[in-house]
Amino acid sequence: GVWRQTRALLFKNCLIKGRTKKSSVQEVLFPLFFLFWLILMSMMHPHRKYDEVANTNLGTLDTSQLVNFIVGYTPPTRMAREIMKKVAFDNFEDGIITEEYLSEEELQEASALKPSNFVGVVFKDSMSYQLRFHDSIAMSSIYMESR
């Protein structure tokens, strides 16, 4: 029955492995080689551990620098509008001027016209964004993983 077929299949596989020694050795050594290579690479680029940063009082925000400050954002989705409304009115008494743009190109044109007091926000999805300053892009590094 089943035991006889299993024993015959095992014997057949042992004969094949014995006759093809080169490929059998390669099957064992290649994974070990790649494991060694991964360990070596992880030792060359170790994870950095950063010390804790103590809680400090940063003081009050100087809102005089935010006079006539404009934050443009794109794409004008419902989630982006809610986020920008919260940014504009919940954090500042006077509010910040927010403008929505249909595309990144329109946002870049507005940034070129008002470079000193304009910041662009490009929402990639509901959880990620990029800040656009005049002639530069600032990327968030909070969720970046090590290599």
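Values reported hereafter were calculated over all heavy atoms of this structure, with side chains retained and with hydrogens, waters and symmetry mates removed.
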| query | Considering residues at least two apart in sequence or located in another chain, which fulfil the side-chain hydrogen bond (donor to acceptor under 3.5 Å, both in side chains) criterion with E82? | reply | R78

| With sequence neighbours excluded, what pairs up with T77 under the side-chain hydrogen bond (donor to acceptor under 3.5 Å, both in side chains) test? | none

| side chain to side chain donor-acceptor pair (under 3.5 Å) contacts in which one or both residues fall within residues 100-110, not counting sequence neighbours | Y73-E100, R81-E100, E99-Y101, S103-E105, E104-R132

| Are any of the side-chain heavy atoms of L107 and F118 separated by less than 4.5 Å? | yes

| field | salt bridge (charged side-chain N to carboxylate O under 4.0 Å, His left out) pairs, two or more places apart, involving residues 36-47 | value | none

| query | Can any side-chain N or O of S24 pair as donor or acceptor with the backbone N or O of T20 at less than 3.5 Å? | reply | yes

| Below 4.5 Å, heavy atoms only, C-beta onward: do M84 and F123 meet side chain to side chain? | yes

| Below 4.5 Å, heavy atoms only, C-beta onward: do L131 and V121 meet side chain to side chain? | yes

| request: State, yes or no, whether a side-chain contact exists between P75 and L102 at a heavy-atom distance under 4.5 Å. | output: no

| query | Do W37 and M44 share a hydrophobic cluster, counting only Ile, Leu, Val, Met, Phe, Trp and Tyr and linking them when any side-chain heavy atoms are less than 4.5 Å apart? | reply | yes

| Partner set under side-chain contact (heavy atoms from CB on, under 4.5 Å) for I39, not counting sequence neighbours | L35, M43

| salt bridge (charged side-chain N to carboxylate O under 4.0 Å, His left out) contacts in which one or both residues fall within residues 2-30, not counting sequence neighbours | K17-E27

| said: Tell me whether the rings of F30 and F34 are parallel (<30°), tilted (30 to 60°) or perpendicular (>60°). | reply: tilted

| task | Kindly compute the distance separating CZ (F11) from CD1 (I16), expressed to the nearest 0.5 Å. | result | 11.0 Å

| field | Single-linkage hydrophobic cluster, 4.5 Å side-chain cutoff, V28 and V25 together | value | yes

